Amino acid sequence: MQSKLIFTISLETLSHQIQKTIQDEFQPTLAIIFASPAMGLEALRVLFNKNNIQIIGASTAGEIGNTAIQGAGISLLLLDPPTSHFKIIQREANYESSPEIGVQIAQVAQTYFKNPAFIMVFSMNICGDTMIDGISKTLNGYPSIFGGMAGDDMKMKESYTFSNEKVSSNSVTVLILDNDKIAVEGMALSGWQPIGLENKITKANNNIIHEINEEPALDVVKRYFGDYFANSLNEDSLSLGIAQYPLQIIREDSYVLRAALDSNESDGSLLMAGPVTTGDSFRFSIAPGFEVVEDTIQGFKDFAKEKPEADALLMFSCVARHMSLGPMIEEEIEGIYNVWQKPMAGFFTYGEVGQQSTGTSHFYNETCSLVLLKEL
Amino acid sequence: MSKYALLLKQLEESLLPYLKEEQAKDLLTEQLAKLKKEFIKNEFKVKRTIQDKQITKQILEHTITELKIQSENLKHQKALTEEQTAFKEQLFANVSHELRTPLHGILGMSHLLENSTLDKEQRGYTEIIRSSADNLLIIINDLLNLSKINAGKTLLLNEPFSFENLLTDLNGVLTFKAKGKGLNLVITNPPNMPKFLMGDRTRLYQILINLLNNAIKFTEKGYIALNVYVLRKNESTIDCQFEIKDTGIGIKTGQLNSVFDSFTQLLDSKKENSLEGVGLGLNIVKKLVQLMNGKIKVKSKVGQGTTFSLNLSFDIPAASAIKNLTLHKSAIVIPTAWQDKKILLIEDNEANLVYAQNLFAGGHITLDIAKNLSIAYHKVGQQLYDCILSDVKLPDGNGFELIAKLRGDHSAINQRTPIMVLTASANDKEADYAKKLNVQSYIGKPFPPQLIISEMKKIFKDNNVTISSLQTMQRPAKNRSPEPYFAHLEKNFKNKPSLQIEMFEIFLNQLPMAIKQMGKGLAENDLKVFHYDAHRIKSTINIIGLPKLKPLITKMDEFCYKKINIDQLPELYTQFKMQAEKDIKIILARKEELLVAS
């Protein structure tokens with residue numbers, strides 16, 4: 001399977017490059033597109049429809065292309081797998097319907113392929129965690145599920161996914177691959193370390209934490225972080241916010257990171273980038289230092305020993321990770337790209353989906369999830 | 001733009017005009033761009049590192065604060081829990097005491113009733129009252145025991161004790177009970193079993209008697225056996241097995257796993273209403289065995305019998321420890337030759353009765369009791385005794401009246417029976433009188449147990465011992481350090497906390513009544529009433545110790561007896577009452593200590 005990366009900040013350049021790649025006798029059948037909402041997503045959809053290329057796309061909070069990053073641009077992979085090897089579906093969904101939508105996606109996938117794998121992007125009103133649970137439970141195993149929650153250039157208002165059919169701010173768009181024809185492998189790494197005492201979420205509803213240790217959640221956060229982030233919590237931007245110090249939610253045999261996206265001063269609640277449950281225990285977490293970059297690269301180098309080959313790479317990296325690592329994120333991306341040195345498109349997400357070493361897929365924050373695509 | 005970025009820009013602007021070749025210009029721009037990127041990264045790293053350190057510091061400071069708060073909360077919780085536990089224990093102890101006090105009354109009264117003239121139906125009712133009260137006492141004691149074990153308040157002693165003596169006690173206590181049901185009690189002790197062990201005699205006794213009592217309870221014919229086996233032994237330690245075997249009704253296989261659970265009773269289908277207690281006995285046994293780091297197992301066949309096996313390890317005491325123990329214990333070992341002796345104890349004071357009963361327990365002696373002169377007259381007319389132990393002051397008269405009558409009546413069957421007078425008001429005048437009445441021993445209370453035994457040894461060795469050797473056996477006053485509060489009790493019942501507790505309870509029962517009656521006597525100018533209760537309570541005080549109350553009551557008793565200094569009695573009585581209030585608190589505290597320790 002051939003793959004080409006197009007990494008640009010203008011639609012005009014994009015159109016030109018698409019024509020150029022086609023002229024090079026490369027006949028793409030599939031485009032995986034990550035683009036800033038500012039690029040005009042509808043125009044993008046029309047453009048690819050004209051070129052008769054199937055698309056799956058998501059709006060971003062910054063784009064990744066091979067070793068580079070950018071904002072307000074486009075990063076896309078053009079691939080040429082046979083159309084029989086994949087299907088793209090788009091479903092309208094919201095937070096509450098997410099588990100059921102997960103079940104539906106799995107059921108549809110089963111009608112296409114015996115052994116399906118999933119690349120999925122979804123708008124920020126959808127619960128990634130329960131949707132993935134729905135897929136996993138329906139398929140009764142450990143299906144390969146990767147992807148990310150679409151961004152909106154950190155405006156935190158609404159994010160979009162799109163297919164050839166439409167652009168929607170209430171949807172999940174899924175690329176279902178025949179895993180017997182195209183291997184979909186990957187791994188998610190975080191490196192964040194817990195700090196401080198264990199706390200308990202005593203009142204939560206979906207992805208909103210109302211109370212921690214029976215106190216308003218925001219009061220606890222303020223007490224923990226002093227005045228350092230007190231002001232930034234109410235800003236529209238996540239920059240320098242508490243998102244860089246996510247909650248490490250303790251689960252039976254593992255943990256998941258949940259970053260705070262916003263807060264509500266009037267009721268003292270926190271809006272999280274993923275679901276939390278009343279009764280969850282957690283500790284705050286912190287990047288152990290810039291060695292986390294080296295550790296992550298090494299983690300993927302180790303992974304490459306088992307999976308040395310790829311036709312293309314996809315990267316879903318948390319925007320809060322970007323904020324936390326600053327320019328060092330480029331070193332991380334470059335280091336990871338250099339392991340396989342294949343065309344890699346990605347974006348900075350509001351939450352990532354990836355597999356742990358146990359084979360289970362989860363929805364994370366503060367994580368770098370990498371996907372290897374390889375035609376068999 | 002940062003300071004470094006600005007410097008780079010200035011450098012680029014100042015150098016570019018001097019470079020003529022485009023390639024060199026590109027190279028400079030490229031290198032400067034790389035440098036700028038590195039500067040930006042490093043600048044971010046520094047900024048980020050500072051931020052992370054500040055955040056880490058804040059989180060850790062908060063964590064420390066939280067930990068301090070948690071620590072304080074835990075301390076508070078601990079104090080609260082301790083307070084609640086103490087309250088619960090106090091409440092439990094009080095309730096237990098409150099329950100046991102009237103129970104003792106019921107038991108005492110039923111004993112008196114049984115000794116009175118009753119028709120068959122009345123005797124049956126009396127027996128039911130007594131056995132019901134006995135059962136209730138067992139339940140209360142079991143609950144108290146279990147509560148202490150569960151609260152981790154049961155501490156084990158590790159001191160030398162005579163294992164042989166323990167087996168003798170078990171045999172003495174249980175033989176009669178077993179024989180009463182037509183059962184044989186067999187106790188086997190291997191020759192290589194040490195005579196002395198280190199450990200908690202009381203707890204081992206409690207375990208074994210519980211299992212043996214159970215065995216007797218559930219066996220209608222055949223035998224009960226306690227077999228001791230030595231499993232492993234060296235100079236300093238021994239592992240042994242106690243096997244308690246019966247030929248009773250057995251336990252169903254399905255019930256075997258739950259026999260050690262609380263509130264589990266083994267029902268005998270033939271005798272559904274015959275069970276005692278609430279099924280705590282075996283639970284207590286198991287917990288005590290676990291406390292002693294031992295193991296207990298049970299196997300059983302319905303209709304054939306049950307065998308409990310418990311494995312326990314003990315240290316073997318050093319020779320020096322045994323020597324002290326032997327000296328101490330040998331004085332109160334009752335010779336086996338006294339097995340068929342019949343003794344009459346004429347005593348009205350409950351504390352003295354318990355004291356004497358305990359002294360002779362396990363000695364195979366038949367101890368008959370008369371709590372007043374009338375009963376004593378009746379008994380001495382019916383039965384020949386080997387020895388009579390008599391108090392002087394009795395509710396319905398003076399003990400010397402009976403002695404004088406016996407000695408003067410040639411037809412009396414107990415005319416020549418050796419007599420020991422036990423009195424709380426020992427004095428030379430009385431001792432002389434006793435001598436005249438051919439009383440063999442005149443002993444002042446409180447008496448050490450070994451004194452009674454040694455005196456009895458003399459009596460039984462030479463039934464015709466002359467009164468010339470008689471002397472007042474009061475313990476000589478010595479110059480010694482202040483007497484501990486419960487000196488006498490602790491000395492004589494060192495390993496018997498339950499007996500000490502019982503004595504305290506008797507005293508706590510008697511004291512308020514004595515104070516009330518003495519007060520009444522004073523108010524009504526009735527010296528007889530005052531003296532009667534003063535004398536009674538003096539006897540109990542002497543048994544316990546109480547060095548502050550003792551001189552006051554002794555003085556009052558003496559003044560009443562000699563009819564001197566009567567005008568000082570009100571003042572002495574007031575002092576006695578005040579001191580009694582203080583002593584009650586001390587006794588209650590000590591009693592609780594004993595309850596907790598046991």
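What you are looking at is a predicted structure, and each value in this text was computed from that prediction instead of being measured. Just so we're on the same page: letters track the sequence lines, and every chain starts at 1.
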| field | Validation row, ring centre A/F284 to ring centre A/F282 under 6.0 Å | value | yes
| Interchain contact, B/Q70 with chain A, by part (heavy-atom threshold 4.5 Å) | side chain
| field | Side chains of A/D302 and A/Q298, donor plus acceptor under 3.5 Å | value | yes
| field | Electrostatic pair A/E352-A/R321, nearest N-O below 4.0 angstrom | value | no
| message | Please classify the contact between B/T56 and chain A as side chain, backbone, both or neither, with a heavy-atom cut-off of under 4.5 Å. | response | both
| remark: Bottom line for B/I64: the part with an atom under 4.5 Å from chain A's heavy atoms is neither
| message | With a 3.5 Å distance limit and no angle check, can you tell me whether A/T60 reaches the backbone of A/G62 through a side-chain donor-acceptor pair? | response | yes
| Is it the backbone or the side chain of B/K57 that comes under 4.5 Å from a heavy atom of chain A, or both, or neither? | neither
| said: Under 4.0 Å between a side-chain nitrogen and a carboxylate oxygen: does that hold for B/E82 and B/K78? | reply: yes
| note | Ranking A/A287, A/S324, A/G196 by heavy-atom pairs under 4.5 Å to chain B gives rank one to A/S324
| task | Name the region of A/I286, side chain, backbone, both or neither, that has any atom closer than 4.5 Å to a heavy atom of chain B. | result | side chain
